[in-house]
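Worksheet: one structure, shown below.
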Amino acid sequence: MNNLLGLRELDAEDIRHVLATAANLREILGRSVKKVPTLRGRTVVTLFYEASTRTRTSFELAAKYMSADAVNISVAQSSVSKGESLKDTLRTLESVTADCIVIRHSSSGAAHMAARYLKIPVINAGDGRHEHPTQGLLDALTIADHLRPDTGFDFSGLTVAIVGDLAHSRVARSNVWGLTKLGATVRWCGPATLLPSDADRLPVQVTTDLREGIADADVVMVLRLQTERMEKGLLPSLREYSRLWGINATTLRWAKPDVVVMHPGPMNRGVEIAADVADGLGPGATVIEDQVHNGVAVRMACLYLLMDTGSPRVEDKL
Ligand code: NCD
């Protein structure tokens with residue numbers, strides 16, 4: 001692996017290797033001194049052209065917990081606001097001796113473009129509606145913890161329903177690739193205006209019937225309405241969306257009784273997910289905070305695997 005651009009490009013063995021590495025590294029997060037020397041002297045630059053709380057913070061902490069230096073470029077305060085192109089910004093960051101670039105951009109394909117321009121590893125932290133591979137990986141680790149512990153990340157027999165704004169969701173795409181490669185069945189379920197036109201070319205079952213989508217699902221993954229990427233007129237109103245598509249204690253009863261409820265965040269409580277479900281008071285288990293926690297471990301694993309070429313065995317490094 002030289003870059004992490006999407007889960008489509010990885011095979012099941014690669015995905016399992018990253019997840020196993022993350023599960024190993026996660027132990028560090030429970031220590032009182034959360035620091036190992038693994039990436040000492042290396043520098044990670046996070047370049048975010050879009051808003052982020054969890055993804056940026058967890059990349060930065062992941063780098064720091066492995067003793068790398070982490071520098072964040074907020075686009076509003078960089079020369080991008082003076083008209084500098086993405087290509088020139090990336091080349092500049094390489095010239096100041098960054099060892100890895102983590103990039104989030106509103107254009108699908110921006111991370112691939114970055115990888116073509118740069119010799120150092122590039123990690124895609126979300127590009128437009130295309131992919132968000134570390135989110136897909138942290139979701140897989142969380143599903144394994146709750147439903148398939150100690151199976152070596154074998155998801156055969158599991159049904160994962162992803163509900164909501166699929167057309168604008170890079171998380172939904174990365175999860176389709178990641179989860180199906182591990183053996184799960186993935187269903188996409190949302191209003192017709194929020195389904196992507198290429199869904200029939202992806203390994204996913206698609207339905208516009210919420211009950212059918214959730215029926216007997218092991219996992220219900222709820223997506224935010226990504227209005228910042230949406231053209232006007234796709235939805236009559238948020239209230240109507242919430243009434244017809246909101247995940248709440250009633251709709252969750254269509255899923256398996258021990259359903260695992262996930263959300264990549266940020267959540268819009270009372271729109272796509274009811275507040276009691278968000279708070280873990282609905283049926284099944286709501287694991288949104290576990291997802292965030294696993295996000296740090298997954299990002300440690302990705303940085304380690306891309307930047308530390310010395311040892312393939314993470315256990316030796318702890
Ligand atoms: C997601 C994203 O940015 O794609 N957030 C995240 O990284 N956890 C989902 C979203 O914005 O709704």
Using modelled atom types and a 3.5 Å cut-off, is there a donor and acceptor pairing between side-chain atoms of [X] and backbone atoms of [Y]?
X	Y	value
Thr185	Thr159	no
Arg40	Ser67	no
Thr286	Val277	yes
Asp14	Asp11	yes

Nearest heavy atoms of [X] and [Y], plus distance in Å:
X	Y	value
Met267	Ala278	SD-CB, 3.6 Å
Pro203	Thr180	O-CG2, 3.4 Å
Leu141	Phe153	CD1-CE2, 3.9 Å
Ala63	Val44	CB-CG2, 3.9 Å
Glu131	Pro133	C-CD, 3.7 Å

So which pairs with a foot in residues 88-111 pass ring-ring contact (aromatic ring centres under 6.0 Å, His included), sequence neighbours left out?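 Residue pairs passing ring-ring contact (aromatic ring centres under 6.0 Å, His included), neighbours aside: Tyr49-His105.
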Would you kindly say whether [X] and [Y] are connected by a side-chain donor-acceptor distance under 3.5 Å?
X	Y	answer
Thr21	Asn24	no
Thr46	Arg56	no
Gln291	Thr142	no
Ser106	Glu50	no

For atom [atom1] of [X], decide whether the heavy atoms of other residues, nucleotides or ligands shown that lie under 6.0 angstrom number more than 12.
X	atom1	value
Asp150	CG	no
Glu289	CD	no
Arg54	CZ	yes

Mind checking the [atom1]-[atom2] spacing from [X] to [Y]? Nearest 0.5 Å is all I need.
X	Y	atom1	atom2	value
Leu10	Arg16	CG	CZ	12.5 Å
Leu147	Leu158	CG	CG	5.5 Å
Asn124	Thr134	CG	OG1	8.0 Å
Gln226	Arg129	CD	CZ	9.5 Å

Would Leu7 and Lys181 count as a side-chain contact (heavy atoms from CB on, under 4.5 Å) here? Give the steps. CA-CA 9 Å; Leu7 297 189; Lys181 284 174 189 191; 5.8 Å; no
Mind checking what makes salt bridge (Lys or Arg N to Asp or Glu O under 4.0 Å) contact with [X], not counting sequence neighbours?
X	answer
Arg269	Asp279
Asp198	Arg173
Glu228	Arg224
Lys64	Glu60

Table please: side-chain donor-acceptor pairs of residues 92-100 below 3.5 Å, with sequence neighbours left out.
{"unit_1": "Thr92", "atom_1": "OG1", "unit_2": "Asp88", "atom_2": "O", "d": "2.7"}
{"unit_1": "Glu94", "atom_1": "OE2", "unit_2": "Lys119", "atom_2": "N", "d": "2.7"}
{"unit_1": "Glu94", "atom_1": "OE2", "unit_2": "Ile120", "atom_2": "N", "d": "3.2"}
{"unit_1": "Ser95", "atom_1": "OG", "unit_2": "Arg91", "atom_2": "O", "d": "2.9"}
{"unit_1": "Asp99", "atom_1": "OD2", "unit_2": "Thr43", "atom_2": "N", "d": "2.8"}

Apply side chain to side chain donor-acceptor pair (under 3.5 Å) to Ser197 and list each qualifying residue two or more places apart in sequence or on a separate chain.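 Not a single residue meets the side chain to side chain donor-acceptor pair (under 3.5 Å) criterion with Ser197.
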Applying side chain to side chain donor-acceptor pair (under 3.5 Å), name anything that partners Arg104, two or more places apart in sequence or on another chain.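 So Arg104 forms a side chain to side chain donor-acceptor pair (under 3.5 Å) with Thr55, His132.
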All ring-ring contact (aromatic ring centres under 6.0 Å, His included) counterparts of His130, not counting sequence neighbours: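 Per chain and number, His130 pairs via ring-ring contact (aromatic ring centres under 6.0 Å, His included) with His112.
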Pair up each side-chain donor or acceptor in residues 253-260 with any protein partner under 3.5 Å, not counting sequence neighbours, and list the distances.
{"unit_1": "Lys256", "atom_1": "NZ", "unit_2": "Asp218", "atom_2": "OD1", "d": "2.9"}
{"unit_1": "Lys256", "atom_1": "NZ", "unit_2": "Asp218", "atom_2": "OD2", "d": "3.4"}

According to side chain to side chain contact (heavy atoms under 4.5 Å, CB included), who are the partners of Leu234, at least two apart in sequence or on a separate chain?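 Checked Leu234 against side chain to side chain contact (heavy atoms under 4.5 Å, CB included); matches are His168, Thr193, Leu194, Met230.
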Which residues pass the side chain to side chain contact (heavy atoms under 4.5 Å, CB included) test with Thr207, not counting sequence neighbours?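 Residues passing side chain to side chain contact (heavy atoms under 4.5 Å, CB included) with Thr207: Cys189, Asp209, Glu212.
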Could you go through the side-chain contact (heavy atoms from CB on, under 4.5 Å) check for Asp290 and His146 one step at a time? CA-CA 10 Å; Asp290 298 351; His146 288 273; 2.8 Å; yes
Apply side-chain contact (heavy atoms from CB on, under 4.5 Å) to Ile273 and Ile288, showing your working. CA-CA 12 Å; Ile273 187 164; Ile288 298 167; 4.3 Å; yes
Any chain of hydrophobic side-chain contacts (each under 4.5 Å) joining Val292 to Val171?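 Per the 4.5 Å side-chain linkage, Val292 and Val171 are not co-clustered.
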